[in-house]
Amino acid sequence: MCGEFWVGELPDGGPDLVLWGKSRGLEEHDGSLVKYPLVCHLLDTAALAGAVWDDYLSLGLRGWLSKELGLSAQESRCFVMFMAGVHDVGKASPGFQRKVAMPNGYPQEGDCTDHARAGHLWIGAALQHKLGIPRHLSVRVGEIVGGHHGVFTTADPKDFKADKMKAHGLGIGAWGRQRLAHLEAMRAVLGFDHWPREITHEAQVIVCAIVVLADWLASRTEYVKLRLPDVPEMGRVEQLKRFFDGSGDRASAELQQAGLTRLQLKPGTFVDQFGFEPNRLQRSLESGLPALVTGPGLLIMAEQTGQGKTEAALFAAGIMSEAAGSAGLSFLLPTMATSNEMEPRLASFLKERVANPTPLNLLHSMAWLRRLKNELEQGDSVASQAKDMLTVVTEWLSGGKKAAFAPVSVGTIDQALLSVLPIRHNAFRMLAFANKTIIIDEVHAFDEYVEQLLSTFLAWCGHLRVPVILMSATLPQRTASRLTAAYLGQPVGAVGDISAALKYPGWRYVDLESQKSTSEAIEVASEQQRELFIEVHPCGVSDSGMQRMAALKTHLAPLLDSRGSAAVICTTVDEAQQTYLGLKTWLAEQGSDAELILLHARMPLHRRDEITSDIVRRFGKKGDRGGRTIIVSTQVIEQSVDIDMDLMVTDLAPLELLFQRAGRGCRHPENDAYRPKWVKGHRLVVLTPQQGDELALPGGWIYVYPEAAMIRTHRLITGLGGLPVQVPGEVQDLVDTVHTDPSLIAGHENAEVTSKAYELVAAAEAIRKSIPRPGHVSAVQLLSKGANVIDDEMVSTRFNADSVRVLPCFRRDGNLYFDEECEKPVPAPRWRGTDPIWLRSELASIIEHTIPLRTSYVDHEAGLAAQPDGWSKNHLLKRVIPLIFDFNADGDPQPVRMRGNNFRLDAKLGLLR
DNA sequence: AACAAAAAAAAA
Ligand SMILES: [Fe+3]
Ligand SMILES: [Fe+3]
């Protein structure tokens, strides 16, 4: 039908070098524009794609792709290079060339300025009609070309109609001959003539991502400048071949310089790798795992914190990477704070175990802040040792979507989950992870929404034959089963094979190929079993919430009389603040000098960090246990804060969380000798809000924890009747019981229905938002669902997590200050024309004074309007809402009223509501 | 209308 458009002679001289591909950053000193020919950019990209294949892609992924395409490894490599070599063919069109200079002798008409789309349509049609490539391939090739800016689209067959093509400048004539000349030149230079048997949507994802990677490498201005002298005079095949060889000669070095290398760990026993004898978990893996691992697979480890899971995972990753042929490592955690802590641990491991440069990158939204601090700290200590250079992050890898391509990365799980959300460049992100062995820590900390996104991610991992390790404290069996089923490619909601239940502590390995699973329990010597006394202390409830003070006085009095440390964990920030004040009064009444510390998330970031590192330093493994300290806190203390308190007192919370909190009490046996006398064993005091015998949850609590989980937990711990729990021995059973035993919810089935409904809504939301699982991609555009509406805001890696950063600041004489004394001004930018410029350290100081606040508290419109000049143009500040306190006539700062709440900033208490 | 903590957000 539109075949007539593809007749026409090839130009004798091949590609016209006048057609430009790159011009950014190439201006001469006199201001004249240097244009880099399109064909050169395409040859560069093809050469770099070849180098990515040779030097960066994992054996596993190469093998997968070859099989998927039905080609040999060499043929697949050639196909990928060809795709890279035609990605910008749409630039040979009037719509694009016009942007800089319209060449002579070409028709003017044509309106398609989006060269990815132009390429998509043209190549899709040209391959079929001009080269006789079957439609099921030509269409898919077109979609890859069309996706190279990060958004996949599926073309409407109508778009290929002659009149539409012509209107886009995609008809025959001089332009069409040039596009064909570029395509044919690429085929000739690469010697490409083996088309894939099939191009699945999953293969499109990976091929397109490789093309994008090569394109970004080829588009660096310095690189283009470097290649500029070699640009040939004419576009004949021999000359293009020579240019291509020149690109190829440089390509490996370019990848190296960009930091795109493979991780190669020195092999060795556990002792070789870590320098100490393996413990119970590590020993079990060292003896049991190697025989099971013959290819990609999924390892789940469940063990208490502090039992060497990290080293165990790294050890297992070595074995699994080798067997699956993966080329790197990505360590993913639930929070930025935990990732920050993991980074130096991983760095010191790598420095001992790699011989080649292996950049280690930190991946999360505040990684820049961390890097800045490290630079400031190291400032003077000049590059101490050669091995410290091994893990240094290259310029190219620092920041943005490229960061995940470092051969080793540590970061938030969200970074990986972004690859299964329909956002720009998700395929590109996917490649960064698919090339590696994935380790995911603290899997127990994810809610249904994250778990569902994670399932989709795992489904892709399994499909792409990526080895995965999951680590967790106790995990409900059904969660472990669901994640396993997802990895194995079973449909959504499948529970998988539960014959080999996960033990606690223990591990389970599932081989992807055979789907055979092996579960090992870890023998815990009886002297390693510890008794935990869960002590239920009912408290009254009034309009102002749960009445804790009487209970707290009872349990904390011994501490005042002698010494020791205790933590009190409250359900809400408001309650933590009130409890802090209540205890302060009480301590004063008692004439006690005990120290009182308040920690929660509704205080400036830097305050929270200071307090956290202070208590970790003092109450970590080797702390001074001589003083009297009470920490009042919220849930912030559950995660990542490695402290050891003599006594833990907590509000009622779901059972798994109670165990987490208990883990912060009497944590290190080596500290036991120094505990005060009143500490008789490991106790967790649970304050339960009750009216008589009935649980009576205070108003706000049901928005924090589901009522059903609270009822179940309350009944279960009450039912323990004061008997101790064996830890870890009895923990898994209790966790499974609390989730499944119907008697624990009898009489409150409605609450159960409500919480199940909520879970279903969260999971359904995740399914609705995420990309399809592999094998269920019916059209490539589903990976970018409704490409035009995505742009990045609609999707979230967390459920119901809308929070916003506010900057509390004080205004005097029109100037803003961080502090009430008006001594520390909020940095204002310098201006370059209309662009605001800040130092990184200035941005850091602003961010560090911000407080996360849920969106429902914030008057967003008015807040944005109140932003100081320049903030809206800075990507770090544009979402920060200032919370401005003015002074009254007496010189007191006035509270800010927003959405019916009055906010004040208190130096000790944080933000008060 | 109440609420913990948790995360993300620039490309060729
Ligand atoms: Fe492009
Ligand atoms: Fe390009």
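Just so we're on the same page: letters track the sequence lines, and every chain starts at 1.
For A/Ser365, whose side chain is taken as the heavy atoms from C-beta onward, the closest listed nucleotide among B/dA6, B/dA9, B/dA12 is B/dA9.
Contacts of A/Ser247 classified as side chain to side chain donor-acceptor pair (under 3.5 Å), with partners at least two apart in sequence or in another chain: A/Asp44, A/Arg227. Listed by chain and residue number, A/Pro895, A/Arg897 satisfy the side-chain contact (heavy atoms from CB on, under 4.5 Å) test with A/Asn902 (two or more places apart in sequence, or in another chain).
Taking the six-membered ring where the residue is Trp, A/His148 and A/His115 present tilted rings, their angle falling between 30° and 60°.
Atom CG of A/Leu363 is separated from atom P of B/dA6 by 19 Å (rounded to the nearest Å). If you take CZ of A/Phe96 and C1' of B/dA12, they are 10 Å apart, rounded to a whole angstrom. With rounding to whole Å, A/Leu48 atom CG is found 17 Å from B/dA12 atom P.
Nucleic acid contact for A/Arg429: sugar-phosphate only, since backbone atoms but no base atoms lie under 4.0 Å from a heavy atom of the residue. Residue contacts for A/Asn901: at a heavy-atom cut-off of 4.0 Å it reaches no nucleic acid atom on any strand shown. Residue-level contact check: A/Val450 touches neither bases nor backbone, having no heavy atom under 4.0 Å from any strand. Across all strands shown, A/Gly699 has no heavy atoms under 4.0 Å from either base or sugar-phosphate atoms. Across all strands shown, A/Ile702 has no heavy atoms under 4.0 Å from either base or sugar-phosphate atoms. Residue A/Met366 is classed as having no contact, given no heavy-atom separation below 4.0 Å to the nucleic acid. Residue A/Arg913 is classed as a sugar-phosphate contact, given heavy-atom separations below 4.0 Å to backbone atoms only.
Taking the six-membered ring for Trp and the full ring otherwise, the centers of A/His41 and A/His87 sit less than 6.0 Å from each other.
Heavy-atom nearest nucleotides on DNA chain B were determined for A/Ser219 and for A/Glu638, and the one closer to the 5' end corresponds to A/Glu638. Nearest-nucleotide positions on DNA chain B place A/Glu575 closer to the 5' end than the other of A/Asp414 and A/Glu575.
Within the 4.0 Å cut-off from OP1 or OP2 of B/dA4, at least one side-chain nitrogen or oxygen of A/Arg602 is found. Contact check, A/Thr221 against B/dA12: no side-chain N or O comes under 4.0 Å of OP1 or OP2. Contact between the side-chain N/O atoms of A/Arg854 and the OP1/OP2 oxygens of B/dA4 is found at a separation under 4.0 Å.
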query = Yes or no on side-chain hydrogen bond (donor to acceptor under 3.5 Å, both in side chains) for A/His364 and A/Asn340, after CA distance, side-chain angles and deciding distance?
reply = CA-CA 9 Å; A/His364 61 66; A/Asn340 287 345; 2.8 Å; yes
